[in-house]
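Below: the structure, in structure tokens.
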Amino acid sequence: MRDRQVRPLSALSPDEVGRLLARAMESASVLAPVRRGRSSFAFAWIQDPAEAVFSYPRTILPPKQALLPPREDLFTFERAPEPVIRPPAAPGPITLFGVHPCDLAAIGQLDWAMQSRHDITDPNYAARRAETTIIGLECLPDEYCFCPSVGTANTREGADLFLTPIGDGFVAEALTEKGNALLGSVEEARPPTPEELAVWKGWADNKESRASRRLEARPEELPDLLEAEYESEVWEATAARCYGCGTCTSVCPTCFCFDVEDMVEVGLASGARRRQYDSCQFPDFALVAGGHNFRGERPDRVRHRWFRKFVYLNREHGRAFCVGCGRCTKACTADIGLVEVLNAVIAEARREEAE
Ligand code: SF4
Ligand code: SF4
């Protein structure tokens, strides 16, 4: 769905997008997709606009790292000469460049989880988010993507400016005043031609038809379908292949579970409270005081991953907590496909319903 547009569409050449990026770098740290090796891409803090790529299938890790870093100190402390607790330094302005629609949707879900859920706001996340400008970038699904199945293929919410490739250049949509100001800094921006506008308008249909991986149910049907299959053998069969490595959750743009640990110097004079990503696929994730483990067996942990995304948070938030980016499937060391597992469970539920 398109957000309110505050400025007419503009056409930009790749050089003009480079100048826009250079302008953004004058006042903010810029996280942008860069090439890694022959065929991989990663979000990295760039020093030069030429490092950024303007077309890529997906990055290994999502841009989530700018808002919720894999590891951070929540505060540090010293006991002497006077006890003191130091909060983290205030973040400076951040620009996320080249964010695909699925990752925009994921940032929207993180905003809910880290700033609104249970009426609690995570101050570190909120401080970074308030300083963030987002430049979105249109893309085409590859064989791992299933964004149309979870309704994220055409997300614009969260972007201040959005770029759609059109032949040699881009159509730029300013979606907020921040995006408008950024676009206004490129003096050469001109209105798109009717031909360019036709390409821009056709992009959404193109995406729908390109996504070959599909869920066999609508996201809102999934809580009931999965709950009917709580005891399904699919979970055992998937767990028999799974190594429990946690790669799937590490690369996921919507996973937000973390562990908190106090790191105290040996003399107890100073230390830090540190948090880092955790994974529900690790054996000790649900281990509690007294030694009880709520998900001590691997099939329980495997099932939990699908239930968390498609049942629990789907009910609580009103949408599946998966944006169809395909990262978990592409990265899985055991070649376990998220959609294939889901479709096997859906088929089983439908078969039993029909009996
Ligand atoms: S569960 Fe997999 S496909 Fe869904 S958002 Fe996470 S990494 Fe992407
Ligand atoms: S990446 Fe694959 S093997 Fe590793 S925990 Fe996830 S599903 Fe299991």
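Indexing begins at 1, ligand by ligand and atom by atom, following the structure's order. Count residues from 1 along the sequence. In what follows, every heavy atom counts, from backbone to side chain, and hydrogens, waters and symmetry copies are set aside.
- For the residue pair R303 and T238, no side-chain donor N or O sits within less than 3.5 Å of a side-chain acceptor on the partner.
- Those atoms of ligand 1 that come under 4.0 Å of a heavy atom in K309, given as number and element, are 1 (S).
- With Y277 as the aromatic partner, K64 meets the cation-pi criteria of under 6.0 angstrom to the ring centre and within 45 degrees of the ring axis.
- Applying the 4.0 Å criterion to heavy atoms of V323 picks out, from ligand 1, the atoms 4 (Fe), 5 (S).
- Annotation for ligand 1: atoms under 4.0 Å from non-hydrogen atoms of F146 are 3 (S).
- The distance from ligand 1 to the heavy atoms of P253 drops below 4.0 Å at these ligand atoms: 5 (S), 6 (Fe), 7 (S), 8 (Fe).
- No more than 12 heavy atoms of other residues, nucleotides or ligands lie within 6.0 Å of OH in Y243, so this atom counts as exposed by the packing criterion.
- For F321 and W112, the gap between ring centers is short of 6.0 Å.
- In this structure, the ring of F97 has its center less than 6.0 angstrom from the ring center of F54.
- Tested against M114 for a side-chain contact (heavy atoms from CB on, under 4.5 Å), the candidates L67, D122, N124 yield a single pass: D122.
- In this structure, R86 is not positioned above the aromatic face of F75 in the sense of NZ or CZ being under 6.0 Å from the six-membered ring centre and within 45° of the axis.
- Q281 and T249 form no side-chain donor-acceptor contact under 3.5 Å, judged by distance and modelled atom types alone.
- Taking a cutoff of 4.0 Å between a charged side-chain nitrogen and a carboxylate oxygen, E138 and R156 qualify as a salt bridge.
- In this structure, the protein non-hydrogen atom closest to atom 4 (Fe) of ligand 1 is C322 SG, 2.4 Å.
- Atom 8 (Fe) of ligand 1 has as its closest protein heavy atom C325 SG, 2.3 Å.
- Counting protein heavy atoms only, atom 6 (Fe) of ligand 1 is closest to C252 SG, 2.4 Å.
- The contact set between ligand 1 and G326, taken as ligand atoms under 4.0 Å from a residue heavy atom, comprises 3 (S), 8 (Fe).
- For ligand 2, the atoms lying closer than 4.0 Å to a non-hydrogen atom of G244 are 5 (S), 8 (Fe).
- T164 places no side-chain N or O within 3.5 Å of a backbone atom of W200 that could act as its donor or acceptor partner.
- A salt bridge does not link R350 with E229: none of the charged nitrogens is closer than 4.0 Å to a carboxylate oxygen.
- Close contacts of ligand 2 with G246, meaning ligand atoms under 4.0 Å from a residue heavy atom, involve 4 (Fe), 5 (S).
- Closer than 2.8 Å to atom 2 (Fe) of ligand 2 sit the protein N, O or S atoms C332 SG.
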